[in-house]
Asks: 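Take a look at the following structure, please.
A note on names: the letters A, B, ... follow the listed sequences, proteins ahead of strands, and every chain is numbered from 1.
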There are 2 protein chains.
Amino acid sequence: MTVTIYDVAREARVSMATVSRVVNGNHNVKPQTRDKVNEVIKKLNYRPNAVARGLASKRTTTVGVIIPDISNVYYSQLARGLEDIATMYKYHTIISNSDNDPQKEKEIFNNLLSKQVDGIIFLGGTISEEIKEIINKSSVPVVVSGTNGKDDGIASVNIDFKAAAEKTTQHLIDKGAKTFAFVGGEYSKKAQEEVLMGLKNVLSQHQLTLDDDHIYNGNETYKDGIKAFEALKKYKPDAILSISDEQAIGLVYAAHDVGVEVPESLQIISFNNTRLVEMVRPQLSSVIQPLYDIGAVGMRLLTKYMNEEDIEEPNVILPHRVEYRGTTK
Amino acid sequence: MTVTIYDVAREARVSMATVSRVVNGNHNVKPQTRDKVNEVIKKLNYRPNAVARGLASKRTTTVGVIIPDISNVYYSQLARGLEDIATMYKYHTIISNSDNDPQKEKEIFNNLLSKQVDGIIFLGGTISEEIKEIINKSSVPVVVSGTNGKDDGIASVNIDFKAAAEKTTQHLIDKGAKTFAFVGGEYSKKAQEEVLMGLKNVLSQHQLTLDDDHIYNGNETYKDGIKAFEALKKYKPDAILSISDEQAIGLVYAAHDVGVEVPESLQIISFNNTRLVEMVRPQLSSVIQPLYDIGAVGMRLLTKYMNEEDIEEPNVILPHRVEYRGTTK
DNA sequence: GTGAAAGCGCTAACAC
DNA sequence: GTGTTAGCGCTTTCAC
């Protein structure tokens, strides 16, 4: 019924080994033989069974992707970058949503290993102790995209959030901001730490401080941004740094609704730069994270590990830019 | 090195078959034996090899997903629904981006088959003749989510766009609209046809017509929405139906920028209802497509096919609602 | 340049 | 309830 390598071999009057060589582009085949085999392959409509190949060769050309939420704009852009490079290198991707839940992350990791993936890309703003350990013990290479894994000894690709925060903070101060606030969530712990560090650094250089009450932690959605503004407005901040675009958009509209003018009385800047930024008025000023590239470079790095190529630098920092659009002066 | 079923069998002093039974939850095992085997499994940290299992059983518990663009908000919400149900039924999903390119769709389809997936979910607004044929000849079940496959004899899950268009058109006419326009793209061909049919139906009931010049076809992005407005403004439409949210948002802002007031002089309604709708001001009136559910129900339907359960209805129509927010009177 | 044959790790009859 | 055994479809030595 299903045509196998054996059928092709018989029909082409060669051995299975030869067919295998042809299919895998091995050079040690006489052109004449190769042509004959290819002809039979076409005639019989032979399609190699990747599962059998995986079992015999111990390589599945499949990588696993652990992602918090594929319906989140930020992560889906990373995923697209990942996927394109995977396809380019002939890998397939098995994608599973973790909701940032360490327990689920662990389960997914084990399931991926049982599927014999050749490597794993981990997305998620926080690397829990348990996951860190699992990654470090993993039998296949793992790369983290969008989060810095350097301190945990994990290969990673991301941007320098601290530098970005310093740059934007300086800009906001130059434009007259004195009272700052920060809006984030629990998903992007690492990035958040870096941003807060950069923010506080520059603030202290100007004899300014960030009160703990001015830090809001939520769930990084649009609605949560509205809540964040409600919580922060009593402090009358004149500049807010927001980790996520969705939250920032919530801030913009919540401010607008109570008559706080953006950017005149309140400047807002976000650290995501998803395609949402230009779909708001005023358009959102933001740190341009090259999301697609962060995914793409992460996958490229993983292919290097999987093919045992030389790795110059396991912790890649991609350049960022700050785009001052309508929500800053 | 890697622990196999054989190692477990030897250590537990039983046969491989028994270990296999325990691992697969087969009931014909004495509780005592079961416990012993489970103990050894834990002790040896045995993890079944899904690839070997796939080869032997001819079931991979993996489904393929062909998706136009995972970074598109509309599709990523479908994908999340899909994935959750797949996980619930213990399937993994291999996701590949097609960019709506029939050639790529075909390649992906073949690659998925060679990976021996148990079923395939196809997402894409258009089902080309070639793909239709491939699906109908497929050795594994295929379900289309978000597009009606009924005419093509393909199992599908979506909403009734024609009815939705009729309802919204009537509403707009009730609110005084006389000159209509339509903005769509080439990606959602099927839905678009249905919407246009419904629109024209109701229009003709009111002795109104939709001029062909009033139909704009683009690429369903925010920027394209701006272009669409540029192209249509000379006709001074007082109501625009838009297939995609992103395009609709472009329309809103383009209108705003030239002083056309929404919804006072121009009403806009979109057919997507992604999470974008509330992130604009005024908030977008839209047909509520239950995106998550369309994905989820599609995957559920696929599991029925894969398990050879009875199918009551291969072409599921999910209910929709119209939410009149800020861009309609 | 090509073939023979031994697995890869598991499932699924079938026998007992 | 449990064991034996023959594959699943391919890759990969090792000969020749």
Asks: Please report the distance, rounded to the nearest Å, between NE2 in B:H27 and P in D:dT2.
Replies: 14 Å
Asks: Using the side-chain heavy atoms of B:S57, tell me which of these nucleotides is nearest: C:dT11, C:dG9, D:dC10.
Replies: C:dT11
Asks: Choose from C:dG9, D:dT2, D:dC10 the nucleotide whose nearest atom is closest to any side-chain atom of B:K30.
Replies: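 Among the listed nucleotides, the one closest to the side chain of B:K30 is D:dT2.
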Asks: To the nearest Å, how far apart are A:I5 CD1 and D:dG9 P?
Replies: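 About 11 Å, once rounded to whole Å.
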Asks: Quick one: list whatever passes side-chain contact (heavy atoms from CB on, under 4.5 Å) with B:T60, sequence neighbours left out.
Replies: A:V51, B:T62, B:Q116, B:D118
Asks: Using only side-chain N and O atoms of A:T4, determine if any of them is under 4.0 Å from OP1 or OP2 of D:dC8.
Replies: no
Asks: Using side chain to side chain contact (heavy atoms under 4.5 Å, CB included) as the criterion, point out the one residue from A:I135, A:I134, A:N136 that pairs with A:K132.
Replies: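 Result for side chain to side chain contact (heavy atoms under 4.5 Å, CB included) with A:K132: A:N136.
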Asks: Would you kindly give the CG-to-P distance between B:N26 and D:dG3, to the nearest whole Å?
Replies: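 So the CG-P distance, B:N26 to D:dG3, works out to 13 Å.
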Asks: How many whole angstroms separate atom CZ of A:R47 from atom P of D:dC10?
Replies: 12 Å
Asks: Tell me what A:V14 touches on the nucleic acid: a base, only sugar-phosphate, or nothing, going by heavy atoms under 4.0 Å.
Replies: sugar-phosphate
Asks: Among C:dC10, D:dG9, C:dG3, find the nucleotide with the atom closest to the side chain of B:L55.
Replies: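 Of all the options, the side chain of B:L55 is nearest to D:dG9.
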Asks: For C:dG9 and A:K58 - does any side-chain N or O of the residue sit under 4.0 Å from the phosphate oxygens OP1/OP2?
Replies: yes
Asks: Measure from the side chain of B:T33, starting at C-beta and using heavy atoms only, and say which of C:dC10, D:dT2, D:dC10 lies closest.
Replies: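 Side chain of B:T33 sits closest to D:dT2.
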Asks: Five pairs at each end of the helix from C:dG1-D:dC16 to C:dC16-D:dG1: take the axis at both ends and give me the angle between them to 10°.
Replies: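 End-to-end axis angle: 30°.
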Asks: What's the CZ-P distance between A:R53 and D:dC8, to the nearest Å?
Replies: 18 Å
Asks: OP1, OP2 of D:dG9 versus side-chain N and O of A:T2: anything below 4.0 Å?
Replies: yes
Asks: Round to the nearest Å and state the distance from A:N28 atom CG to D:dT13 atom C1'.
Replies: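 Roughly 14 Å, once rounded to whole Å.
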Asks: Among all residues two or more places apart in sequence or in another chain, which pass the salt bridge (charged side-chain N to carboxylate O under 4.0 Å, His left out) test with B:R10?
Replies: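 Listed in chain order: B:D7.
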Asks: How would you list, by chain and number, every residue that makes a salt bridge (charged side-chain N to carboxylate O under 4.0 Å, His left out) with A:E39, sequence neighbours excluded?
Replies: none
Asks: Does D:dT11 have OP1 or OP2 sitting under 4.0 Å from an N or O in the side chain of A:S20?
Replies: yes
Asks: Which residues satisfy the side-chain contact (heavy atoms from CB on, under 4.5 Å) test with A:T87, sequence neighbours excluded?
Replies: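 A:T87: side-chain contact (heavy atoms from CB on, under 4.5 Å) contacts with A:E83.
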Asks: Does D:dC10 have OP1 or OP2 under 4.0 Å away from a side-chain N or O of A:Y46?
Replies: yes
Asks: For residues 12-26 of chain A, pull every pair meeting salt bridge (charged side-chain N to carboxylate O under 4.0 Å, His left out), keeping only residues two or more places apart or in separate chains.
Replies: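 Qualifying pairs: none.
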Asks: Could you check how far CZ of A:R10 sits from P of C:dA4, rounded to whole Å?
Replies: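 About 14 Å, once rounded to whole Å.
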Asks: Can you tell me if B:T274 and B:Q77 form a side-chain donor-acceptor pair at under 3.5 Å?
Replies: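 B:T274 vs B:Q77: no donor-acceptor pair found between side chains.
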Asks: Can you tell whether the side chains of A:K30 and A:D35 come within less than 4.0 Å, N to carboxylate O?
Replies: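 Looking at A:K30 and A:D35, the cut-off is not met.
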Asks: Quick one: label A:V51 by what it contacts on the DNA or RNA (base, sugar-phosphate, nothing), any heavy atom closer than 4.0 Å.
Replies: nothing
Asks: Considering only side-chain heavy atoms of A:A17, which listed nucleotide, D:dT12, C:dT11, C:dG1, is closest?
Replies: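 For A:A17, the side-chain atoms sit closest to D:dT12.
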Asks: How do A:A52 and A:R21 order along DNA chain D: which one's closest nucleotide is nearer the 5' end?
Replies: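 Residue closer to the 5' terminus by nearest nucleotide: A:A52.
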Asks: Establish, with yes or no, whether the OP1 or OP2 oxygen of C:dC10 is under 4.0 angstrom from a side-chain nitrogen or oxygen of B:N49.
Replies: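 For B:N49, the contact criterion (side-chain N or O under 4.0 Å from OP1 or OP2 of C:dC10) is not met.
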Asks: Would you mind classifying the nucleic acid contact of B:T18 as base, sugar-phosphate or nothing, using non-hydrogen atoms under 4.0 angstrom?
Replies: sugar-phosphate
Asks: Atom CZ of A:R59 and atom C1' of D:dC10: how far apart are they, to the nearest Å?
Replies: 15 Å
